[in-house]
Visitor: 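I am attaching a structure below and will ask some questions about it afterwards.
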Amino acid sequence: MSQVQHIVFDIGKVLIHYDPDIPFSRLIPDPAERKWFFDNVCTSDWNIEQDRGRDWEEAEAELLAIYPGHEESIRGFRRHWHEMVPHAYEDSVDLMERLIDTGHDVTLLTNWAKDTFAEARVRFPFLEKPRGVTVSGEVGLIKPDRAIYDLHADTFGLTPPATLFIDDSPKNAKAAEDAGWLAVLFTGAGPLEADLRRLGLAF
């Protein structure tokens, strides 16, 4: 019998594809200019603050005060968000649903802005199938902060040593281990299925 009693999935790049280049390859066609924009204007550090709970109006205002000449591109980040998440990974979703259908306890833990996640719930109905979800933008905490793992465990009654976390980010997976969870790094549905079988899970 597996020691794993609870399975926690990340969402972005595990269940749903995410790539800001999709709309921005059209908005900023020149690759060098586009790289500069992501490195200096709409950076990962800037975007993660929306995942932590900052609203888009404040986020855009911060950048517009510094880069007024890039207003169209700055506003384009939120405006064209849906293009950045064009599809789910059907094989990963199938794996998650098989785990649920065979009686495993599955929840979700994601770094995601509050408003865009509300829209994602409508676009991707499978997000409603797990027992519940902790959304960083709703709780004001983000991975890899220890607090969000502890909050998720407390919210859903998880036993950390019996909890398996699945994430595509090495630092987020390591943070789960530091919180006392088990963790596997997601590289694809095939390797994940092998990891789950190795851990003794039947589905």
Side-chain angles (χ1 to χ4, degrees), residues 8-25 27-28 33-68 70-89 92 107-121 123-124 127 132-155 165-179 181 183-187:
V8 183
F9 277 81
D10 175 35
I11 300 175
K13 297 186 178 181
V14 174
L15 298 173
I16 296 174
H17 187 61
Y18 174 74
D19 184 3
D21 264 348
I22 296 171
F24 274 90
S25 61
L27 299 172
I28 307 177
E33 185 181 346
R34 187 164 66 250
K35 182 179 186 305
W36 178 90
F37 180 79
F38 284 135
D39 287 347
N40 295 278
V41 186
C42 288
T43 65
S44 294
D45 287 345
W46 171 81
N47 190 45
I48 201 74
E49 292 307 312
Q50 284 73 269
D51 289 352
R52 199 194 300 271
R54 178 173 63 182
D55 67 49
W56 287 97
E57 184 177 349
E58 180 185 345
E60 291 173 355
E62 176 187 281
L63 294 184
L64 290 170
I66 305 169
Y67 302 102
H70 292 271
E71 179 175 3
E72 192 64 25
S73 295
I74 290 168
R75 296 197 185 281
F77 200 95
R78 174 64 180 91
R79 188 175 292 147
H80 300 285
W81 171 80
H82 278 293
E83 293 180 56
M84 300 179 190
V85 286
H87 60 82
Y89 298 138
S92 296
T107 55
L108 305 171
L109 172 57
T110 184
N111 282 355
W112 205 303
K114 182 178 179 179
D115 60 336
T116 53
F117 190 75
E119 295 173 18
R121 282 183 186 271
R123 284 187 55 197
F124 302 104
L127 293 173
V133 56
T134 296
V135 180
S136 63
E138 296 178 356
V139 300
L141 301 167
I142 56 170
K143 299 177 290 182
D145 295 348
R146 169 69 181 265
I148 197 169
Y149 298 90
D150 293 343
L151 175 66
H152 187 81
D154 290 346
T155 299
F165 184 51
I166 302 157
D167 200 297
D168 66 295
S169 163
K171 66 180 180 180
N172 291 347
K174 173 66 164 56
E177 292 176 339
D178 291 343
W181 300 15
V184 295
L185 186 66
F186 179 82
T187 59

Visitor: What orientation do His152 and Trp181 show, parallel under 30°, tilted 30 to 60°, or perpendicular over 60°?
Guide: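 His152 vs Trp181 ring planes: tilted.
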Visitor: Do Asp115 and Trp81 make a side-chain contact, defined as non-hydrogen atoms from C-beta onward lying under 4.5 Å apart?
Guide: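 The answer is no, as the side chains (C-beta and beyond) never meet within the 4.5 Å cut-off.
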Visitor: Take Phe186 and Asp10 through the side-chain contact (heavy atoms from CB on, under 4.5 Å) test and state the conclusion after the steps.
Guide: CA-CA 9 Å; Phe186 179 82; Asp10 175 35; over 6 Å; no
Visitor: If the threshold is 4.0 Å, N to carboxylate O, is there a salt bridge linking Glu177 and Lys174?
Guide: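 No salt bridge links Glu177 with Lys174.
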Visitor: Is it true that Asp21 and Arg34 have a side-chain N and a carboxylate O under 4.0 angstrom from each other?
Guide: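 Yes, charged N to carboxylate O under 4.0 Å.
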Visitor: Apply the side chain to side chain contact (heavy atoms under 4.5 Å, CB included) test between Thr110 and each candidate in Ile16, Thr134, Val133; give the one that qualifies.
Guide: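 The passing option is Val133.
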Visitor: Got a second to check how far Glu58's CD is from Leu63's CG, nearest 0.5 Å?
Guide: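 Answer for the CD-CG pair, Glu58 versus Leu63, is 11.0 Å.
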Visitor: Where do Gly12 and Asp168 come nearest, in terms of heavy atoms and distance?
Guide: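 Minimum heavy-atom contact is O-OD1, 3.3 Å.
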Visitor: Can you find a pair of side-chain heavy atoms, one from Leu127 and one from Ile11, that are under 4.5 Å apart?
Guide: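 Yes, their side chains come closer than 4.5 Å.
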Visitor: Using a 4.5 Å cut-off on heavy atoms from C-beta on, say whether the side chain of Lys143 contacts that of Asp51.
Guide: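 When only atoms from C-beta onward are counted, Lys143 and Asp51 do not touch, as no gap falls below 4.5 Å.
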Visitor: Within the distance-only criterion (no hydrogens, no angle test), does the side chain of Asp145 pair as donor or acceptor with the backbone N or O of Ile148 below 3.5 angstrom?
Guide: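 No.
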Visitor: Taking all heavy atoms of Phe165 and all of Phe9, pick out the closest pair and write down the distance.
Guide: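 Taking every non-hydrogen atom into account, CE1-C, 4.4 Å.
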Visitor: Any heavy-atom pair between the side chains of Arg54 and Glu62 that's under 4.5 Å?
Guide: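 Yes, at least one pair of side-chain atoms sits under 4.5 Å.
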Visitor: Drop me the distance from Glu60's CD to Cys42's SG, to the nearest 0.5 angstrom.
Guide: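 Taking CD in Glu60 and SG in Cys42, the distance rounds to 8.0 Å.
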Visitor: Tell me whether Trp56 contacts the main-chain N or O of Gln50 through its side chain, where contact means a donor paired with an acceptor under 3.5 Å.
Guide: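 Answer holds: no.
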Visitor: What's the shortest heavy-atom distance between Ala173 and Ala183, and which atoms?
Guide: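 Answer, listing the atom of Ala173 first, then Ala183: O-CB, 3.4 Å.
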Visitor: Output the distance between atom CG (Leu27) and atom CZ (Arg79), rounded to the nearest 0.5 Å.
Guide: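 Going from the CG atom of Leu27 to the CZ atom of Arg79 covers 9.5 Å.
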Visitor: Identify the heavy atoms of Pro20 and Tyr18 that sit nearest to each other, and give their distance.
Guide: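 Looks like CG-OH, 3.3 Å.
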Visitor: For the residue pair Phe24 and Phe77, categorise the inter-ring angle as parallel (less than 30°), tilted (30 to 60°) or perpendicular (more than 60°).
Guide: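 Taking Phe77 first and then Phe24, their aromatic rings sit tilted (interplane angle of 30° to 60°).
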Visitor: Going by an N to O cut-off under 4.0 Å, is there a salt bridge joining Arg78 and Glu119?
Guide: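 Result for this pair is yes, salt bridge flagged.
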Visitor: Would you compute the distance between atom NE2 of His87 and atom CG of Asp19 and round it to the nearest 0.5 angstrom?
Guide: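 One finds 9.0 Å between NE2 of His87 and CG of Asp19.
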Visitor: Using every non-hydrogen atom in the two residues, find where Lys35 and Asp39 come nearest and quote the distance to one decimal.
Guide: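 Residues Lys35 and Asp39, closest heavy atoms: NZ-OD2, 2.6 Å.
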Visitor: Kindly compute the distance separating CG (Leu109) from CG (Asn172), expressed to the nearest 0.5 Å.
Guide: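 Separation between the atoms: 8.5 Å.
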Visitor: Is there a side-chain contact (heavy atoms from CB on, under 4.5 Å) between Leu15 and Phe124 once you walk through the steps?
Guide: CA-CA 10 Å; Leu15 298 173; Phe124 302 104; over 6 Å; no
Visitor: Could you tell me which non-hydrogen atom of Ile142 sits nearest to which non-hydrogen atom of Ser136, and how far apart they are?
Guide: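 Smallest heavy-atom distance, with atoms named: CG2-CB, 3.7 Å.
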Visitor: For the pair Phe37 and His70, name the ring-plane relationship: parallel under 30°, tilted 30 to 60°, perpendicular over 60°.
Guide: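 Geometry flag for His70 against Phe37: tilted rings.
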Visitor: Indicate yes or no: at least one non-hydrogen side-chain atom of Met84 is less than 4.5 angstrom from one of Thr116.
Guide: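 No; the side chains remain at least 4.5 Å from each other.
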Visitor: May I have the step-by-step check of side-chain contact (heavy atoms from CB on, under 4.5 Å) for Ser73 and Val41, ending in yes or no?
Guide: CA-CA 9 Å; Ser73 295; Val41 186; over 6 Å; no
Visitor: For the backbone of Asn40 and the side chain of Thr43, can you confirm whether one donor and one acceptor N or O come within less than 3.5 Å of each other?
Guide: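 No.
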Visitor: When you look at Val85 and Arg123, which way does the side-chain contact (heavy atoms from CB on, under 4.5 Å) test go after all the steps?
Guide: CA-CA 10 Å; Val85 286; Arg123 284 187 55 197; 3.2 Å; yes
